[in-house]
Structure formats: C-alpha cells, structure tokens
Amino acid sequence: MMENKLLLIDGNSLTYRAFFALPPMTDAQGRNTNAAYGFTMMLLKLLEEEQPTHMLVAFDASSETFRHDVYQEYKGSREKTPSELREQFPIVRDICEALGIQMMELHRYEADDLIGTLAQTMPADRIRIVTGDKDLLQLVTDQVEVLITKRGITDVLCMTEELFAETYGGLKPMQMIDLKGLMGDKSDNIPGVPGIGEKTAIKLISAYGSVEGLYEHVEDLKGKQKEKVIANEELARLSKELATIKLDVPLDVTLDDLQISDVDTQVPYSLFQSLGFKSLTNRFAPVVEEADKEQLNVQTITSLPEGVTDAVLVVEQLREDYMEEDIIGFGIATPDQIYVASPELVNDPAFRAWIESDHQKICLDAKQVAFALRKHDLKLTAFDDLLLAGYLLNLSGGTTLASIAGHYMLMAPNEEAVLGKGAKRLAPTDDLLHPYLAEKARMIELLFPKVKEELKANQQFELYETLERPLSGVLAEMEWTGIRVDVATLQDMQEDLRGRLTDLEQLIYGEVGEEFNINSPKQLGVILFEKLELPAFKKTKTGYSTAADVLEKLRPLHPVIDHIMLYRELQKLQSTYVEGLQKVIKEDGKIHTRFAQTIAQTGRLSSVNPNLQNIPVRIEEGRKIRKAFVPSEAGWSLYAADYSQIELRVMAHMSEDKTLVQAFLDDADIHTQTASSVFGVAPNDVTGNMRRQAKAVNFGIIYGISDYGLSQNLNISRKEAQDFIDRYFELFPQIKLFMDEAIEKARMNGFVETLMNRRRNIPDINSKNFNLRGFAERTAINTPIQGSAADIIKKAMLDVHAALEASPLQARLLLQVHDELIFEAPDEELDALKTLVKQAMEQTVDLSVPLRVDGDAGHSWYETK
DNA sequence: ATGCTCACG
DNA sequence: ACGTACGTGAGCATC
C-alpha cells in the first residue's frame, strides 16, 4: 500500500515571503501578481519534490484571535499588510483551488494552530510542514519535520529533531516556546523578559528545562539577571502562552478530506494564462495546445536550401568538452522555417559556404560552434552569441539558455529530458533529438533580439559587440593552439614525489602511533584533537578544521604538524598538477584548456579542464611545475607579460584619490609608499615587515576590508587591524569616499558597474541579515575594481591579437591569467614581441594613472619571471 | 552531491 | 551579538 504523505502549508507566511522576495509584477489588467507567482512556484516545487498524497494550505483568519484575549497588543507592532499584498490572497486561493489543494481558515485561530492540530492528529505516515516562520519549529518531532524557507523563495531547509538540537544548543523543539517566553518575539510583539536575548535564553532553558523550571530555581541566579527574571515572571509566563501553538483546535476533518484531487489541467492553464504566468502556462498547456508546437515549421534537410541568410545556428554536441566531442545534429532557424539535420550536413557544400559567408549566424555559444566546425575545416564567420549577451545581464542562477529564457518568462526546451544527465547522457535517436534541436533554435531566435534590446537599454551593447563577442574568437584561437607540455619533466617529478610521500607517510604514522588516511580531514581531526589532544581553534560545519592556518598555529606543539603540512603540500602537487596535468595532455603533446567566458560574476575569465590559471608559483617546490610548460617548436621561447598592480591602479583611477594617483605617477613602490604613510616613516626606513603589512592592507582594501579579515590575514588583533584601517582611510580619504559611493550606488540601483559598463546585481545590499548585507557591501566594492581590471585585460587581448595579425610575426597568444598574458614566439621575434605587447597592453585604455607592464622570456614558463 | 582544502590572481 | 576578507577550479573523502 502506498505511503500517506501529508504536507501542511502555512499560506500566509509563504505568500508574505514571496511578496517581499520578488520584484513587482502585474497581469494584463494591472493586478499585482508577484506574491501569487512566487507562492505558485513554491507550491509546484513542493508537489514535485515531496510527492505528497495529501495537502492543506492554512490561512490566518483576518479577525482577532484568542491570543488577543489574553494580550491585546499581540502582533501590535506589525505594520499593516500593504494593499498590493492583501489583494493577492484571493488569487492565491484561486490557485490552490485550481490545483485541487484543500484550504482551511478558522475564526479566532491562526494558521499555526490549524497546522499544529493537524500535525498532531492526522494519521499520515509522514508529515511535513512548510513555512517561513520559525515559530512552527516547536512542532518538530520524530514524526513531523518542518521545511523552513531560506533566502529566496524556493529554497528550503528541512528541520529535524537532530538539526534543531544542533542549532539550538541541544534543546528540544518544544522548548522553543520557553525560549520565546524569555527572549520574546519582536515580529509578533511578544514581550519576553526585557534584557534577555537569544544567547541567555538558550543558556537558561538548557539549564532549567523550561520557564517553569527556571522559576523553581530562580534563587540559583545572581545579580542583575536574577532581579530581571523575578521582576518579569508574569510577562515570561504570558509570553510563553502566546508563543504556544494550540494543538487541540476543534476541527472536523479526516485525512481523506485532504487528499490532493485530480484536476483538469485546463483549469490551472486558463488561470495562469489570465495571470500572465507564461512559463507556468507552458507547463500546464493542454494536449490540444500541442498543435502550437506542430506549427513550428520543421523540415529535415541533408543540404542547406537556397535563400537562407541570417539565421540561428545550433551545432549540437553531447557534452560541453567540445574539443573531444562529435557533432550529433544541427538546428537552423529562420523566421519562417526551421531546419534540422544529421551530422553529415557538415559536408554539404551549400552549408559550408553559408558558414563562411557574411550572413549572420546567431549561436548559443559561438566558441563551441566555431570549435566544432573548425574540426571540419570550417571557419565560422559573422556570428552572434546569445550566451555571451545573456552573461552581461548578470542573471541570477548563472548563464544558461534556461536562465535567459526564464528572465523573459519563457521555458527553454528540457535538455535533460532529451539527452539525459551525468553518466546516463546519451545521444538519442533523431526522431527525439531533432524536435529538441528545432525548439532550441527557435528559442534562441526568440531570445536574442530581447537580450540585444535590453543590452542597448543598459548601455551595454557596445561591451558585447566590441569586447566580448570578438574576444570569444581570440579565446577560441588560444584554445585551439594549446600549450606544449614536456611529459618527461612531469614524470621525473612524479617519481621524486612518490618516494618522498611514502617516506613522509611512514614518518607521520610513526609519530602518531597509528596508520590513518592523512588526506581525510575527518580522520586527521580525530588524530590531532582527540588522540594527541592538541587545542582545536576553529571548527567547520562538520567537525574540526585542519586547514593550513590552523596547522600553522599548532606547529610548535607537536613535531608531526610540520610533516603533515609538508605531506599536504606535496600531495597537492602530485595529484592536482603532476598527475592531473599528464591526464589532459593530448596526442599533439599539448594541453588545450577551455576558457569559460560566462562564469565569473566579475567579468573575469575562468579556465577549465585543466585550470591553467592556478599553476603553482608562490612556493618554489610547486613553481617547478612550470618547467614542464615549454614552447611548441624548437628555437622558440615563451614570453609572459603582466600588469603591475592593475587593481590598485584601477582603484586610483576610479577614486581619483590624490595621494594614490600621485604615487603611481611617481612610479613608486606602492606597498612601500603605503607603509611609509601608514607607519609615518621615510620610504627608506620601511622595514620588510612594514611593507608586508601595508601590502596586506592594500589587498584588503580591494576586497572590501573588515577588521576581522585583516586581523586573520596578518595574525594580529582586531583592534590593531582596525587601527591600520582607520589610519589608511585618514591618509587616503577619497578611497573611503569611493567605497561608500559604491555601496550607495548598489543600494540605489541594485547593481554596480565597471569602467566598461559591465554590471553586477547586488540583491542583498538592503538585506536585514547582517551577514548577507556585509557580503553584498564587500562585493559592491570589489566588483568594480576586479571587473574593470578584467575589462582592461580583455581589451588588451583584442589589441594584442589585432597587432599580431597585422604584423609579420609568428608569435601567438597562449594563455591569460587575469593580469598576465603568455605568448610563444621564435627567439628572433622576442624583441619585437616585447615592444608590441607592452605597447598594446599599456595603451589599451587611458586612465588617470599609467598602466605598467613587465615581461620576461624563457625556455619554459618557469623561466619567465 | 557536498564539504574541505588548497592552488592561482 | 552577529562572523566575513574578493574571484575562480580540482582532487579527495564522505554521504
């Protein structure tokens, strides 16, 4: 027999949440719909993920409740529900009804009490409650779990008895009401005992079990606290009563009444249509509407028909690693006809001519398309790139066809349903694949003009058309070229490391007296902090932290720590670099990384499979890895050119801080200069340690400094860190102003911008959550700096590439590592290359401070320093 | 799939 | 009182 699974929904709480979480939306008649939309998304997600058999949405009755009888001011501090929200409750009810879900409200009771009673009495096999209100956590038992909404609306956290105990210092969920009795609840205007907050309340309730228990032992308390507790006994007992959810509301329902009824999809379909919920309309589209899809005029072709000019081009591959993958099909969308084709189309002369013609090809990911076609000796010419354009809108949820479609309330075709995911990904037969390709091409055709228009409205179209789009071609070139890696160098290192690692392993086992997995933080934690009883400073969510900064502090306490740190260092080199890199060397003896252009939130590139932007350099041992990266031809060298202090220069330019700008105009050593100012000594008297600290402060500034962060980094006290920061802002007042303005701008506009109009949305900037807001503020400061630096080097890459094309040089760009470019060139070209690169990189933009580029050539990457 | 740790700018 | 430095990707252990 099937399990009964009951889902109890706090209708008021979720509708409130949705209202405040979502931007305003209206339907065709101008009714507000954002809360109703968010509530519906939540409901559908729950139906899908929880698969309940029974469900009920409870609402507060709008009248006064029994709680007002004992305390007239109950919920007295609440602001009146905005009318934009109030008018959406009837819509929410219509939606529940349309989906066949029972609703309930009862005069003089709140939704909480109805849910509490049902959770207590319904004979379901499993019961889950969904709410945004922590009050309901008191209902958690071994039978009942509470799903509580986290940030956003569709993310939930499942609160179980165990998790509750972990969160609330070992308390039982029922003791939530005792906590509220002492600490009160601002949002419900429950008073509690004045002067007792969450921390103290948890302490007292863990010690005495309950409010009643506390008053039995009130003599044990001391001083002010004792006075406060005694003086407010009435308030505490009243508060507890108010916070207690009633479990015996007289209700006349059976479990059967709550069964989810089968509904005709026609009803929610028309409702969602009238509300303008486009994506939901698609989901409930009745079968007859399938005719709509048929109307997609799809034709299977083996040769490209005459007359195709500008069109959408889909070149489908199974996985994202486009260097290895074969083409599995094509989709081509023109305004009045969609074509689909098998991989053989690549041999069709008409198709080949079209690819290399000036007709515009709108792709989802032009770099992927260009690469796939290049393997068949085709050069993709005249292209647009929806993914790149969408990236610049900085949508939440990453840059995918689905997220761009979602932005315009459209539903992208379901890739997973057709191709599968993970290990089960498989090319389907053409009768399944081709309709998908047709839909995908159609969706791209629909979306591209919308994104283009939005970019224009945002003054971002130029960024797309003159920076990102041409850059994708340069990146494709770099990926295609690849960088030569000398396997023998890596093999020698592997041998050496293998020996040293086994020796270290034995040494460590000997020192601690047993064998264990040194790579397991969990096992290592047990050895260090339980067996050896070393002090544990820091914890992670799951246990002891064994991170490097912790080990560093433990170093003097036990000789094994040194060996563990060395083991970690060598193990990392061995597995990630020495072994890892060998696995991705292709038959041509080269590594071809992929540069991801639509991942980083700041506008930087990222590098995958492998990541060539994090090859070791700081520690000599690791730096040796770079000896394996060599020129691809005899008589050639590598050349690396890097921007000096680009982020600080960008900050000097953007803030127009007089002191900082002058320092760069003077070409001073910026960290020494900062140290000289902050410590008040002549530049010549700056010690190494002073410079090191000033450098940390400079970095901290770029990251959106906090006293805590700086204190951690420099291993000094928070007070000392704060003093540094205060001093810094006194000396560089315009930097402080610049940072405040960045935050203000984020608050006003909801986003920040870089020099080239790249945007990052900062939704949490006005959050009431201290943590989220702090994070948002630091992001608002860091993103314009990091992002503008990314803009600049991207533009420099275009300039360098163009200059190389225009020159007779054979030199070519291989890699970008955020502030440096790596080239290879015949030895005799090196002088010319240095001049060309330095010129292009330094002159690519005109700032109020000069840009400086340093460069070095060598016979391996190791030697370019 | 997720968390921890650590490599880079 | 809160609990953080900004941005990435990869390997390993653990669930």
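Just so it is clear: chains get the letters A, B, ... in the order the sequence lines come, proteins before strands, and each one is counted from 1.
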Is A/L710 touching bases, backbone alone, or none of the nucleic acid, heavy atoms closer than 4.0 Å?
-> base
Are A/R760 and A/F751 in a cation-pi setup, meaning NZ or CZ lies under 6.0 angstrom from the ring centre and within 45 degrees of the ring axis?
-> no
Find the distance A/M651:CE to C/dC6:P and express it as a whole number of Å.
-> 16 Å
Figure out the CE/C1' separation between A/M739 and C/dC6, and round it to whole Å.
-> 12 Å
Any donor-acceptor N/O pair under 3.5 Å between C/dT4 base and A/R778 side chain | yes
Pick base, sugar-phosphate or nothing for A/F775, based on heavy-atom distances below 4.0 Å to the nucleic acid.
-> sugar-phosphate
Please tell me if the side chains of A/R649 and A/Y643 come closer than 4.5 Å, counting only heavy atoms from C-beta onward.
-> no
Ignoring backbone atoms, test whether A/K522 places a side-chain nitrogen or oxygen under 4.0 Å from the OP1 or OP2 oxygen of C/dC15.
-> yes
Within the structure shown, what part of the strands sits under 4.0 Å from A/T576 by heavy-atom distance: base, sugar-phosphate, or nothing?
-> sugar-phosphate
Between P of C/dT8 and CD of A/E647, the distance in whole Å = 13 Å
Pull out every residue in residues 782-792 of chain A that has a heavy atom closer than 4.0 Å to any atom of DNA chain C, ordered by number, or say none.
-> A/N782, A/Q786
Anything below 3.5 Å on both distances counts as a pair; with that, list the stems of at least three consecutive Watson-Crick or G-U pairs involving DNA chain C.
-> B:1-9 with C:6-14
Roughly how many Å is it from CG in A/N614 to P in C/dG7, rounded to a whole number?
-> 17 Å
Output field: ring centroids A/F732/A/Y728 closer than 6.0 Å | yes
Give A/N713 one of three labels, base, sugar-phosphate or nothing, depending on what nucleic acid heavy atoms sit under 4.0 Å from its own.
-> base
Residue A/K539 excluded, over 12 heavy atoms near NZ under 6.0 Å = no
Is any side-chain N or O of A/S606 closer than 4.0 Å to OP1 or OP2 of C/dG9?
-> yes
Could you tell me whether the side-chain ring of A/Y708 sits stacked on the base of C/dT4, using a centroid cut-off under 5.5 Å and a plane angle under 30°?
-> yes
Whether A/F629 and A/W861 hold their rings parallel, tilted or perpendicular, with breakpoints at 30° and 60° | perpendicular
Measure the distance from CG on A/L524 to P on C/dC12 and round it to the nearest whole Å.
-> 17 Å
Residues two or more places apart in sequence or in another chain: which of them pass salt bridge (charged side-chain N to carboxylate O under 4.0 Å, His left out) with A/K553?
-> none
Is any side-chain N or O of A/R618 closer than 4.0 Å to OP1 or OP2 of B/dG9?
-> yes
Determine whether the side chains of A/T864 and A/D856 contain a donor N or O and an acceptor N or O closer than 3.5 Å.
-> no
Just call it for A/I615: base, sugar-phosphate, or nothing, with non-hydrogen atoms closer than 4.0 Å on any strand.
-> sugar-phosphate
Distance under 6.0 Å and angle within 45° of ring axis: A/K695 vs A/F699 | no
Answer yes if the side chains of A/T593 and A/S607 hold a donor-acceptor pair under 3.5 Å, and no otherwise.
-> yes
Touch check for A/Q601, heavy atoms < 4.0 angstrom, all strands: base, sugar-phosphate only, or nothing?
-> sugar-phosphate
Rounded to whole angstroms, how far apart are CD on A/Q523 and P on C/dT14?
-> 5 Å
Tell me what A/G700 touches on the nucleic acid: a base, only sugar-phosphate, or nothing, going by heavy atoms under 4.0 Å.
-> base
Measure from the side chain of A/R568, starting at C-beta and using heavy atoms only, and say which of B/dT5, C/dC6, C/dC12 lies closest.
-> B/dT5
Among the nucleotides C/dT14, B/dC6, C/dC12, which one has an atom lying closest to any side-chain atom of A/A547?
-> B/dC6
Separation of C/dC6 C1' from A/L605 CG (nearest whole Å) | 17 Å
CD1 of A/I822 versus C1' of B/dC8: gap in Å, rounded?
-> 11 Å
When all nucleic acid strands are considered with a 4.0 Å heavy-atom cut-off, which category describes A/A696: base, sugar-phosphate, or nothing?
-> base
For the side chain of A/T540, counting heavy atoms from C-beta on, which of B/dC4, C/dC12, B/dC8 is nearest?
-> B/dC4
Determine the contact category for A/N517: base if any of its heavy atoms lies under 4.0 Å from a base atom, sugar-phosphate if only primed atoms, P, OP1 or OP2 are that close, otherwise nothing.
-> sugar-phosphate
Will you find, in the side chains of A/E479 and A/Y322, an N or O donor that is under 3.5 Å from an N or O acceptor?
-> yes
A/Y703 over C/dC6, stacked by centroid distance under 5.5 Å, angle under 30° = yes
Any side-chain N or O of A/T602 less than 4.0 Å from the OP1 or OP2 oxygen of C/dT8?
-> no
Describe the nucleic acid contact of A/R718 in one word from base, sugar-phosphate, nothing, applying a heavy-atom distance below 4.0 Å.
-> base
Cut-off 3.5 Å, side chains only: do A/Q597 and A/E468 have a donor facing an acceptor?
-> yes
